[in-house]
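For reference, the structure discussed in these notes is given below.
The residues of the chain are indexed from 1 along the displayed sequence. The structure presented is a predicted model; accordingly, all values stated were derived computationally and were not measured.
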Amino acid sequence: MTASIVGWAHMPFGKFDAETVESMIVRVANEAIADAGIAAGDVDEIVLGHFNAGFSPQDFTAALVLQADPALRFKPATRVENACATGSAAVHQGIRAIEAGHAKVVLVVGVEQMTRTPGPEIGKNLLRASYLPEDGETPAGFAGVFGIIAQKYFQKYGDQSDALAMIAAKNHHNGVSNPYAQMRKDVGFEFCRAEGDKNPFVAGPLKRTDCSLVSDGAAALVLTSAENAKTMGKAVNIRATAHAQDFLPMSKRDILQFEGCTLAWQRALEQAGVTLNDLSFVETHDCFTIAELIEYEAMGLTPKGQGARAIKEGWTLKSGKLPINPSGGLKAKGHPIGATGVSMHVLTAMQLLGQAPEGMQIKDAKLGGIFNMGGAAVANYVSVLEPAK
């Protein structure tokens, strides 16, 4: 047990022309502090997860959290980023501050505003999470990178279009029950499986329904020591964390293995003293459906090349033996990059306290797993959470 989450906030993800990076930060920071039942002055340290990479002209954002309350002035505040795992990087840094005894209370905020950026620039910005000397000219940007991964997977293990469509349909179905999700529409397997004007191919075998959404949004949480959490109104304990960083160039590794993901899961489960079978559910990083498929294998749910079994046999449905992405995942919830990892921790905490929205709640959830990934399996973060006893 390393630290505890004692308060949180989560705004809906979507396209918000009236919001700014600053307004979203201020909103969730204030709401998380209030939810924890503390005063702003009780916060000892602030960590902001904000990827940016050109999405916002304001690129020095750590101090924007201070705008939430004058009592936050002069508190240590640091911005962290690790591509699409930026949110979890912020959470893990906050946990380390608690573990080291440098802070008693840490406020963690994750934010991104992406939708004001023109489409071609979005692709260029996201591609910066790849190794530019090798991938900088990839057609379709970051989607093109995962399109290549999907093509290689299909070549080695056969056409997995049915499995990818089933993953997309599952996550869209789950997103209907998530009030924070950007897309709350059950589009069904047939729509996800068929190529058409509303669901064209984007990169390789990946169609539009295989790709996560461009989003604006923010989430925040309050961390404290497990001992201090006993005096709070609610608490979810962080039972284990792990972070494995892999080579950036895909040419230096077997990209179908997601080895950093495997290692992060192994480390976290060993630290927690549990197995994958002990988890009640997992929130995993489905930036593209092929990523979720390979993550089934990397976490040890299926052998290599057999990830399709997990979705085709219903294991990862909300009613299955290991529900995956009951929130709708990045596919339906949206993927405002800096906010994603924080969102995963907030929604997992809600599940474990029985406070998830109706229809989204996993019955008798006792242990939740989180996998947040930056780049193509480069930054790999796993957290295991449980309700405080």
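Annotation: His285 is not in aromatic contact with Phe371 [ring centroid separation under 6.0 Å not met].
Between the Ser212 side chain and the Lys331 main chain, no donor and acceptor come within less than 3.5 Å of each other. At distances below 3.5 Å, not a single donor-acceptor pair connects side-chain atoms of Glu45 with backbone N or O atoms of Thr78. Using modelled atom types, no side-chain atom of Asn325 and backbone atom of Asn171 make a donor-acceptor pair closer than 3.5 Å. Remark: side-chain polar atoms of Asn199 are not paired, donor with acceptor, to backbone N or O of Gly196 under 3.5 angstrom. Between the side chain of Arg79 and the backbone N or O of Asp59 there is at least one donor-acceptor pair closer than 3.5 Å. At distances below 3.5 Å, at least one donor-acceptor pair connects side-chain atoms of Asn178 with backbone N or O atoms of Ser327. A donor-acceptor contact shorter than 3.5 Å is absent between the side chain of Asp286 and the backbone of Gly329. Side chain of Gln182 to main chain of Val214: a donor-acceptor pair is present (N/O by atom type, distance under 3.5 Å, no hydrogens or angles). A distance-only check finds no donor-acceptor pair linking the side chain of Asp135 to the backbone of Leu132 [under 3.5 Å]. A donor-acceptor contact shorter than 3.5 Å is absent between the side chain of Ser215 and the backbone of Gly334.
Side-chain contact between Asp246 and Arg253: present, with at least one pair of heavy atoms (C-beta onward) separated by less than 4.5 Å. At a threshold of 4.5 Å between non-hydrogen side-chain atoms, the residues Gln355 and Gln361 do not count as touching. You'll find the side chain of Leu64 stays beyond 4.5 Å of the side chain of Val109, heavy atoms only. Residues Glu134 and Ser251 have side chains in contact (heavy-atom distance under 4.5 Å, counting atoms from C-beta outward). By the 4.5 Å heavy-atom criterion applied to side chains, Thr241 and Ile95 are counted as neighbours. When side chains are defined from C-beta on, Leu367 counts as touching Arg239, because their heavy atoms get closer than 4.5 Å. Side-chain atoms of Phe189 and His172, non-hydrogen and from C-beta on, never get closer than 4.5 Å to each other. Side-chain contact check for Gln160 versus Asp162: every heavy-atom pair is 4.5 Å or farther apart.
If you check the side chains of Ser161 and Asp159, you find a donor sitting under 3.5 Å from an acceptor. With hydrogens and angles left out, the side-chain atoms of Ser177 and Glu358 include no donor and acceptor closer than 3.5 Å. Side-chain contact check for Asn228 and Ser225: no donor-acceptor pair (N or O, by modelled atom type) lies under 3.5 Å. Residues Gln113 and Glu19 bring no donor and acceptor atom of their side chains to less than 3.5 Å of each other. Side chain to side chain, Ser4 and Asn237 meet the donor-acceptor criterion of an N or O pair below 3.5 Å. In this model, no donor atom of one side chain and acceptor atom of the other lie less than 3.5 Å apart for Thr302 and Glu297. Donor-acceptor pairing under 3.5 Å is lacking for the side chains of Thr86 and His50. Remark: the Thr348 side chain and the Glu283 side chain contain no N/O donor-acceptor pair separated by less than 3.5 Å.
Separation of atoms CD1 (Ile290) and CG (Leu256) is listed at 8.0 Å; rounding is to 0.5 Å. Note that CG of Asn52 is 9.0 Å distant from CD of Gln58, once rounded to the nearest 0.5 Å. Rounding to the nearest 0.5 Å gives a distance of 4.5 Å between OG1 of Thr2 and CD of Glu99. Here the CZ-CG distance, from Phe51 to Asn82, works out to 9.5 Å after rounding to the nearest 0.5 Å. With rounding to the nearest 0.5 Å, the separation of NE2 in His345 from CG in Leu223 is 8.5 Å. From Ile337, atom CD1 reaches atom CE of Met114 across 4.0 Å, with rounding to the nearest 0.5 Å.
Following chains of ILVMFWY side-chain contacts shorter than 4.5 Å, one can reach Leu330 starting from Met350, so the two form part of one hydrophobic cluster. There is a path of hydrophobic side-chain contacts, each under 4.5 Å, that joins Val342 to Leu347. Taking hydrophobic clusters as Ile, Leu, Val, Met, Phe, Trp and Tyr residues chained together by side-chain heavy-atom distances below 4.5 Å, Ile238 shares a cluster with Trp8. Cluster annotation: Ile294 and Leu322 are assigned to the same hydrophobic cluster (Ile/Leu/Val/Met/Phe/Trp/Tyr, side-chain heavy-atom contacts under 4.5 Å, transitive). Hydrophobic cluster membership is shared by Val21 and Leu48, with clusters built from Ile, Leu, Val, Met, Phe, Trp and Tyr side chains linked at under 4.5 angstrom.
Open room surrounds NZ on Lys198; 12 or fewer heavy atoms of other groups in view lie less than 6.0 Å from it. Within a 6.0 Å radius of NZ in Lys363, other residues, nucleotides and ligands contribute 12 heavy atoms or fewer. At most 12 heavy atoms of other shown residues, nucleotides or ligands fall within 6.0 angstrom of atom NZ in Lys104. In this structure, Glu270 places its CD atom where only 12 or fewer heavy-atom neighbours from other residues, nucleotides or ligands lie under 6.0 Å away.
Residues Arg208 and Asp210 are not paired through a salt bridge, judged by the lack of any N-O separation under 4.0 Å between the basic side chain and the carboxylate. No salt bridge links Lys304 with Asp254; every basic N to acidic carboxylate O contact stays at or beyond 4.0 Å. A salt bridge links Lys234 with Asp35; the closest basic N to acidic carboxylate O contact falls under 4.0 Å. With respect to the salt-bridge test (charged N to carboxylate O, under 4.0 angstrom), the residues Lys75 and Asp44 do not qualify.
Both tests hold for Lys252 against Phe247: distance to the six-membered ring centre under 6.0 Å, angle to the ring axis within 45°.
The shortest non-hydrogen separation linking Ala68 to Asn30 is O-OD1, 3.0 Å. Across all non-hydrogen atoms, the minimal contact from Lys207 to Cys192 is CE-O, 3.0 Å. Taking all atoms of both residues into account, the shortest heavy-atom contact from Pro12 to Pro179 is CB-O, 4.2 Å.
None of Leu206, Leu293, Ile149 except one satisfies the side-chain contact (heavy atoms from CB on, under 4.5 Å) rule with Phe288; the exception is Leu206. Residue Val105 forms a side-chain contact (heavy atoms from CB on, under 4.5 Å) with just one option from Ile33, Val6, Ile38, and that option is Ile38.
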Does Cys84 form a side-chain contact (heavy atoms from CB on, under 4.5 Å) with His335? I'd like the steps, not just the answer.
CA-CA 9 Å; Cys84 302; His335 183 25; 3.6 Å; yes
Where do Gln67 and Ile25 land on the side-chain contact (heavy atoms from CB on, under 4.5 Å) test, with the steps shown first?
CA-CA 9 Å; Gln67 305 291 85; Ile25 287 173; over 6 Å; no
Just do the side-chain contact (heavy atoms from CB on, under 4.5 Å) check on Ser343 and Phe13 with the steps written out, would you?
CA-CA 10 Å; Ser343 165; Phe13 291 171; 3.8 Å; yes
Stepwise, does the salt bridge (Lys or Arg N to Asp or Glu O under 4.0 Å) test hold for Lys170 with Glu292?
CA-CA 12 Å; Lys170 167 184 69 73; Glu292 181 168 328; 3.0 Å; yes
Evaluation steps, side-chain contact (heavy atoms from CB on, under 4.5 Å), between Leu269 and Thr275
CA-CA 6 Å; Leu269 293 172; Thr275 69; 5.8 Å; no
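Note: Phe146 and Phe258 have perpendicular aromatic rings, judged against thresholds of 30 and 60 degrees for the angle between ring planes.
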